[in-house]
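Numbering of residues begins at 1 and proceeds along the displayed sequence.
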Amino acid sequence: MRRMGLLTLGLALAASVGCSGGLKCVPVTGSVKVGEKAPEGVLVTLVPSGGKDDPTARPTGIVNADGTFALSTYDAANRAAVKGAPPGTYKVIFTWYPLHRPGEPSDPSAKPSVDKLGGRYADPERSTFEVTIKDEPTELGVIRLK
């Protein structure tokens with residue numbers, strides 16, 4: 001029985017460490033709507049508010065066909081993306097470029113892609129979307145864009 005208690009304690013401590021390595025993350029999910037449609041392919045990015053910003057470590061997620069997303073964060077120490085986002089306060093930005101699926105032919109003469117949201121939600125300084133990620137799984141709910 002004592003062994004089971006130690007195992008439970010060990011698992012609890014491992015879970016409290018977070019994503020991996022020294023990066024503490026919690027699961028973060030939500031959904032996005034543009035009008036009443038699910039904007040598949042929108043990139044959701046969290047930018048730390050009032051703190052040190054490392055663009056390579058911003059939590060990000062891609063909106064699925066049903067409008068949902070789950071965030072992950074790049075852990076530089078382990079050189080890998082890990083599920084979740086570190087606790088903190090963030091501005092949320094959104095960009096929506098056409099999806100290029102693996103195996104689809106690409107046109108080298110095509111014009112550069114343009115943000116389907118017109119850049120309205122791409123600047124963290126102008127973002128009206130702010131979220132606080134606490135030290136627990138976080139559901140952001142439905143975020144409505146125009």
CG (L140) and OG1 (T68) are apart, to the nearest 0.5 Å, by 12.0 Å
Taking the side chain as every heavy atom from C-beta outward, state whether K24 and D135 have any atom pair closer than 4.5 Å.
-> yes
Start with the C-alpha distance between L43 and W96, add both sets of side-chain angles, then the distance that settles side chain to side chain contact (heavy atoms under 4.5 Å, CB included), and finish with yes or no.
-> CA-CA 6 Å; L43 177 65; W96 190 11; over 6 Å; no
So which heavy atom on K33 is nearest to which on P39, and how close?
-> CA-CD, 4.0 Å
Does T60 reach the side chain of V44, with side-chain heavy atoms less than 4.5 Å apart?
-> no
Shortest non-hydrogen pair, A85 vs T73, comes out as CA-OG1, 3.6 Å
Sub-4.5 Å side-chain heavy-atom contact between I143 and F129 = yes
Supply the atom-to-atom distance F69 CZ to N64 CG, rounded to the nearest 0.5 angstrom.
-> 10.0 Å
Hey, are the side chains of I133 and V26 touching, using non-hydrogen atoms and a 4.5 Å cut-off?
-> yes
Flag side-chain contact, heavy atom, 4.5 Å: L117 against F94 | yes
Any side-chain heavy atom of V63 within less than 4.5 Å of one from E40?
-> no
Is there a donor-acceptor pair under 3.5 Å between the side chain of D75 and the backbone N or O of A77?
-> yes
Give every residue pair that meets the salt bridge (charged side-chain N to carboxylate O under 4.0 Å, His left out) criterion with at least one member in residues 55-67, sequence neighbours excluded.
-> D53-R58
Do the side chains of V131 and L71 join up, straight or via other hydrophobic residues, at under 4.5 Å, putting them in one cluster?
-> yes
Between R120 and D115, is there a side-chain N and carboxylate O pair less than 4.0 Å apart?
-> no
Heavy-atom nearest pair, S113 first then P98, reads CB-CD, 3.8 Å
Are any of the side-chain heavy atoms of K83 and P27 separated by less than 4.5 Å?
-> no
For atom CD of E125, is the number of surrounding heavy atoms from other residues, nucleotides or ligands below 6.0 Å larger than 12?
-> no
Pairwise side-chain contact, V142 with V32, heavy-atom cut-off 4.5 Å (strictly under) | no
Listed by chain and number, what are the salt bridge (Lys or Arg N to Asp or Glu O under 4.0 Å) partners of E36, not counting sequence neighbours?
-> R144
Would you be so kind as to tabulate the donor-acceptor pairs closer than 3.5 Å made by side chains of residues 86-93, with sequence neighbours excluded?
from : atom 1 : to   : atom 2 : distance (Å)
Y90  : OH     : P86  : O      : 2.6
K91  : NZ     : S127 : O      : 3.1

